[in-house]
Every structure is written in structure tokens, then in C-alpha cells.
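First up is the structure itself, then whatever we jot down about it.
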Amino acid sequence: MALFLLVFPGGYRMSVRTRFAPSPTGFLHIGGARTALFCQLHTRRLGGTFILRIEDTDRERSTQAAVDAILEGMHWLGLDPDEGPFFQSDHTQLYLDAAQRLVDEGKAYRCYCSRESIDALRETQRQQQIKPRYDGRCRTRSAFPADQPYVIRFKTPTEGVTAWEDQIQETIRFPNDELDDLILVRSDGSPTYNLAVVVDDHSMGITLVIRGEDHISNTPRQIHLFQALGWPVPEYAHMPLLHGSDGSKLSKRHGAVSVLQYREDGFLPDALNNYLVRLGWSHGEQELFTRQEMQQLFDIRQVGRSAAIFNLDKLLWINGHHIRTATPEQLLPALSQQLDMLGFGVVEPERLLRIIPEFQSRAKTMVEMAEKVRFLFVDSVLPYDEKAAQKHLYPCAPQALITLQQALAQLEEWQAEVIDQCFRQVVAQLQMEMGKLAQPVRVALTGTASSPGIHDTLFLLGRDKSLQRLQEAIGHMQK
RNA sequence: GUCCCCAUCGUCUAGUGGCCUAGGACGCCGGCCUCUCACGCCGGCAACACGGGUUCGACUCCCGUUGGGGACGCCA
């Protein structure tokens, strides 16, 4: 694998190559997305290469559906890799060759211990309150019965300390005698995670491994493998984990964690990324970032070391901000989709483009926007929201609405400005307060007590529906 | 249990020995704006886990305690 050299002002420097390596045993969740985001951001700033590698060495649990979900989730978030996706299942021979080489060099050995005997061993160790681990009893075995299954284990160094300078966690050290002889190849002949990771990280020229800190305890084992294989050890950056509201590692029982669920729920990819990037990383007191700003500013070495708890309220606020600052055109597809799901079919884009600006500051999600915009598409808003009708509609004199309706009916053009003028004239003529007329009208038009400015609401609803709903309300009041 | 990691408002964080009477943001409360709801603006509540050191001086450095998390698979 070629390593690329880039010239930097300060001299020669190896181009950074990073990878995101999910296992396809489920959807892409929000914690994984954050890891991928940090990885991509850091790599982009340095002009390096971001690689996607699917770790499917567990054939039992890996599924195509999970692969698809991961790819779709990453694409939605703009986390497309520069290289890949690569699949570990395509590299099996490479892993097996490496394992064989270690056996040949006396750095790994066949172990014939049964699962049962090892389970028993671990159980007694647990009872003695020491760390459960394989005791290496097959290290010195000389008989290799041909008809019995075996695994290949790595001869972990028994003395010394393995340490590395983590880019986030600083120095981490493990006494080697804490580690046992890990399995490289299973009894069915398939390679395991730790072997595959090391072989791939080397063959793909990975220079920096960015991953969750739940992998910290794997790192000394992987470093041993790099060393045994005579390969350079990459740098590491272990990210603090994302926790659920109960303070534990985020998992399915914490509810909506699939990235695609956030799309369903009306979140914008830029907003989700913005929220995620602020979990463990900051740039002074800045809260809001565009994608470009993140790419220019993000540095993995500035990531904090403590875990963060996922907080929906802040995500909602950030999503609201991104909805407000987006162009109507950018929001069009998401709103169309939401309306379609509400059963309104396909709405003309031109109409939606007029509607969107009036609702951008009023919705924290696209789902919420679809709900607020709903009254524009239904045939009738009856029954009215009971509280709204009681408070605003029923106390109003029907004559006021009749006067307004007649005035509006005479308008030659149905434009927001003209409507506003007309409305104010009626208010003046009736010697009413603006709100005393706007609120009942609002209930008549929307069925609720809140909407955009009353003239905008009338305009967006259109002449026919507006007049019809006023008529409907007048009838309702006179009952 | 063993090993590894972490510890500032409820949450995300700023803070790298004096600038801290600890700053910002979300949320919450109050107000302003206003035809409603939002947006926006102004104000308020709210934190350095604890105990020892080191130092003229600790949120900041060291040690311990407590608390939390992670790992301990023929999963990744």
C-alpha cells in the first residue's frame, strides 16, 4: 500500500489516513455517527484520507440490511468516505496468512482447550476475585491431535508495560501481565476482530485510529500484534463515549438512537452534526457551526476526556436554528416528504416555497413544521380546538366576521399586503383592537390560536378557503 | 472483583496558578417586542465532588477518598 507524502511548510509529513470501522450488526447509531464525524472532520482539516471499513468478521451477526443502513445513514449526514467501503470478509486470506506467519515464528500457538474448560477457569477466577483470563496452558503443548478442533492464540508478552500517547487521553499504560493470550483464529478457521483490525490498519496505511474509548483495552493487544508482525504502530485517539440520560453507554434501550430515526423525526443533517460536534469539543464560546467551519476548526487533540450525555432539548434548539437559517429551497424536500407522510400527496413546490418562510422560525423540526402547515391542506379545520374557540371565537360578535368577510370578498387581488390593508381598515371601521378580530379569524382559519401573521395566513390559505372558513365560523357562532 | 479512564451550573462546555465575585449555551423563571404562536432582545436562578498536600496564592499541579463510566468473549 502506497503511503502518500505531502509537502508542508514545515517540511515533509506523512498524509493522515483514518478509518471509521463499524460492525454491521445493527443500524448506525448516534454515537457511531459522532465517531465518524470527528474522524472525517479531523482528517479533512489535515487534507488526509477518510476510509470506511465494514468489520464483518462475525458472519453470524453481520447483515446486508445493517450495511445498507450504515451507508444510508452516513450518506445522509454527509459522512461519505474518501475510500471504501471495504469489507473485512474480502480479506480473510490476508488475516489467516498473518496468523500462520505468527505460528511459524513461534509467536502464536494452537490451543485445544474446550469452551467448557475455559468457562470453568473463568468462573473460578471470578470467585477468587481476580480478573478472568486464559492462563496459557496450551503454550507449551507439544501434541497436536489431527482430529481435534483448535484455535490459534497469540503469545502475549508476560512482562513489561505497553503504553502509548493517546491524542485525546494522553499517556495510557497497561502492564502486560494484565493481558491474556487472545484468540486470533477461531476453531472454525475464521479470523477474529483484533487480528483483522491490525492487518487492515496496516495494509490500508492507517496512520491514526480514532475510535470510542470502549476500545482502549484492545489497544495494548493490537500494539503487541503490530510489533510481532514487525509493522509500525499507528497513532491512537480514543473518544469519550456518548451516554444516555441514565449516564451509561448509549444503547438501544435509550430510545431513538438510529441516525435514520432522526431523519424521520424531522432533524436536519447539519443540525445533528452541529449538535454532535459540540459533545466533547468546543471552540471558545461558539455554539453554532456550519459544516465548513467545523472542517476548518476541528482538531481531535482538543477533544475533552469526559463522557457526554445526550440532550434532546439542545438538539432541538440547534435544529431550530438550522431550520431558520436554511433557504426555503433547502427545506423543500424534507417538508414535501413529511407532508406526503401525512397523506397530502405531492404539493406544488412553488406553493411550498411561499409557505416555508412563514414557518421557519416557528418549527424546531420538520415534523413540527408539517403539523403547523397542515391547516393549509385539509378540507376543514373543524372541530376547532375547544379552548381556542371558547377564548377567541365565541366571544366575538358574528357581525365583525361578516363585515370582514364581505370586505375580503371584494378584494381584486389576493396578496398579503392588500389583505393586510383591508384587514386594518375593517378593524378601524369597527373600532376594534387588532387582536380582537385577528384571534377569532385565526381560529376560523386554522382551528387553533396560533399561526403566522393573520394577513400572511389569509394569503397562504387562499381566497376561496379563507372565505369559506370564515363563513363556516359565522355559521358556527350563530348556532 | 481486577485493570483502564473520567470528575466545573440539571445538561453541553470556557477556564492550563493570580484576569474567577468562575464565563457562555440549552433548559427553566421573569420582562420587552407583539394580532396569536414562534423568532429576537433584556434580566434571573444555578456548578469548581470531598480530604490532604505543593505554593505568597489553587477550579487549575500532586496524592488519597468518594462517585461515575469502560473493559475483562472462539462480539466488534
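Protein chains get the first letters and strands the later ones, always in sequence-line order, with residue 1 at the start of each.
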What's the gap between [N] and [M] when it is taken at their [atom1] atoms, as a whole Å value?
{"N": "rC59(B)", "M": "rU21(B)", "atom1": "C1'", "answer": "14 Å"}
{"N": "rC29(B)", "M": "rG68(B)", "atom1": "P", "answer": "31 Å"}
{"N": "rC50(B)", "M": "rG24(B)", "atom1": "C1'", "answer": "27 Å"}

Taking only residues two or more places apart in sequence or in another chain, which ones pass ring-ring contact (aromatic ring centres under 6.0 Å, His included) with Tyr150(A)?
Tyr112(A)

When all nucleic acid strands are considered with a 4.0 Å heavy-atom cut-off, which category describes [X]: base, sugar-phosphate, or nothing?
{"X": "Pro452(A)", "result": "base"}
{"X": "Leu315(A)", "result": "nothing"}
{"X": "Ser450(A)", "result": "base"}
{"X": "Thr57(A)", "result": "sugar-phosphate"}
{"X": "Lys372(A)", "result": "nothing"}
{"X": "Ile454(A)", "result": "base"}

My understanding is that only residues two or more places apart in sequence, or in another chain, count here; which of them pass salt bridge (Lys or Arg N to Asp or Glu O under 4.0 Å) with Arg221(A)?
Asp180(A)

Applying salt bridge (Lys or Arg N to Asp or Glu O under 4.0 Å) to Lys131(A) and not counting sequence neighbours gives Glu178(A)

For the pair Arg137(A) (side chain) and Cys111(A) (backbone), establish whether a donor and an acceptor sit closer than 3.5 Å, ignoring hydrogens and angles.
no

Measure all distances between protein nitrogen or oxygen atoms and nitrogen or oxygen atoms of nucleotides 8-12 of chain B, and list the pairs falling under 3.5 Å.
{"residue": "rC12(B)", "atom": "OP1", "partner": "Ile309(A)", "partner atom": "N", "Å": "3.1"}
{"residue": "rC12(B)", "atom": "O2'", "partner": "Arg278(A)", "partner atom": "O", "Å": "2.8"}

Nearest-nucleotide comparison on RNA chain B, the residue closer to the 5′ end among Gln128(A) and Ser282(A):
Gln128(A)

The answer to which of His455(A) and Thr25(A) contacts RNA chain B further toward the 5' end, by nearest nucleotide, is His455(A)

Between protein and nucleotides 62-68 of chain B, what N or O pairs are separated by less than 3.5 Å?
none

Can you tell me if the side-chain N/O atoms of Lys249(A) get under 4.0 Å from OP1 or OP2 in rA71(B)?
yes

Considering residues at least two apart in sequence or located in another chain, which fulfil the side-chain contact (heavy atoms from CB on, under 4.5 Å) criterion with Gln296(A)?
Gln292(A)

Distances for protein N/O vs nucleotides 44-48 of chain B N/O pairs under 3.5 angstrom?
none

List in chain and number order the residues that pass side-chain hydrogen bond (donor to acceptor under 3.5 Å, both in side chains) with Arg122(A), two or more places apart in sequence or in another chain; answer none if no residue qualifies.
none

Asp200(A): what forms a side-chain hydrogen bond (donor to acceptor under 3.5 Å, both in side chains) with it, not counting sequence neighbours?
Gln88(A), His91(A), Tyr95(A)

So does [X] reach the base of [N] with its side chain, donor to acceptor, closer than 3.5 Å?
{"X": "Asn218(A)", "N": "rA71(B)", "value": "no"}
{"X": "Ser187(A)", "N": "rC74(B)", "value": "yes"}
{"X": "Arg442(A)", "N": "rC37(B)", "value": "no"}

Is there a residue in residues 356-364 of chain A whose heavy atoms reach under 4.0 Å of RNA chain B, and which residues are they?
Ser361(A), Arg362(A), Lys364(A)

Contacting residues from residues 112-125 of chain A, given that a heavy atom lies under 4.0 angstrom of RNA chain B
Cys113(A), Arg115(A), Arg122(A)

Out of rC5(B), rG69(B), rC3(B), which nucleotide sits closest to the side chain of Ile172(A)?
rC5(B)

Atom-pair distance (CZ on Arg424(A); P on rU34(B)), nearest Å
11 Å

In a table with atom names and distances, give each donor-acceptor pair under 3.5 Å that connects a side chain of residues 235-248 of chain A to protein atoms at least two apart or in another chain.
{"residue": "Glu235(A)", "atom": "OE1", "partner": "Gln167(A)", "partner atom": "NE2", "Å": "3.2"}
{"residue": "Glu235(A)", "atom": "OE2", "partner": "Gln167(A)", "partner atom": "NE2", "Å": "3.3"}
{"residue": "His238(A)", "atom": "ND1", "partner": "Asp166(A)", "partner atom": "OD2", "Å": "2.6"}
{"residue": "His238(A)", "atom": "NE2", "partner": "Arg211(A)", "partner atom": "NH1", "Å": "3.3"}
{"residue": "His238(A)", "atom": "NE2", "partner": "Thr219(A)", "partner atom": "OG1", "Å": "3.0"}
{"residue": "His243(A)", "atom": "ND1", "partner": "Gly247(A)", "partner atom": "O", "Å": "2.8"}
{"residue": "Asp246(A)", "atom": "OD1", "partner": "Ser248(A)", "partner atom": "N", "Å": "3.1"}
{"residue": "Asp246(A)", "atom": "OD1", "partner": "Ser248(A)", "partner atom": "OG", "Å": "3.1"}
{"residue": "Asp246(A)", "atom": "OD1", "partner": "His254(A)", "partner atom": "NE2", "Å": "2.7"}
{"residue": "Asp246(A)", "atom": "OD2", "partner": "Ser248(A)", "partner atom": "OG", "Å": "3.3"}
{"residue": "Asp246(A)", "atom": "OD2", "partner": "Arg253(A)", "partner atom": "NH2", "Å": "3.0"}
{"residue": "Asp246(A)", "atom": "OD2", "partner": "His254(A)", "partner atom": "NE2", "Å": "3.4"}
{"residue": "Ser248(A)", "atom": "OG", "partner": "Arg253(A)", "partner atom": "NH2", "Å": "2.9"}

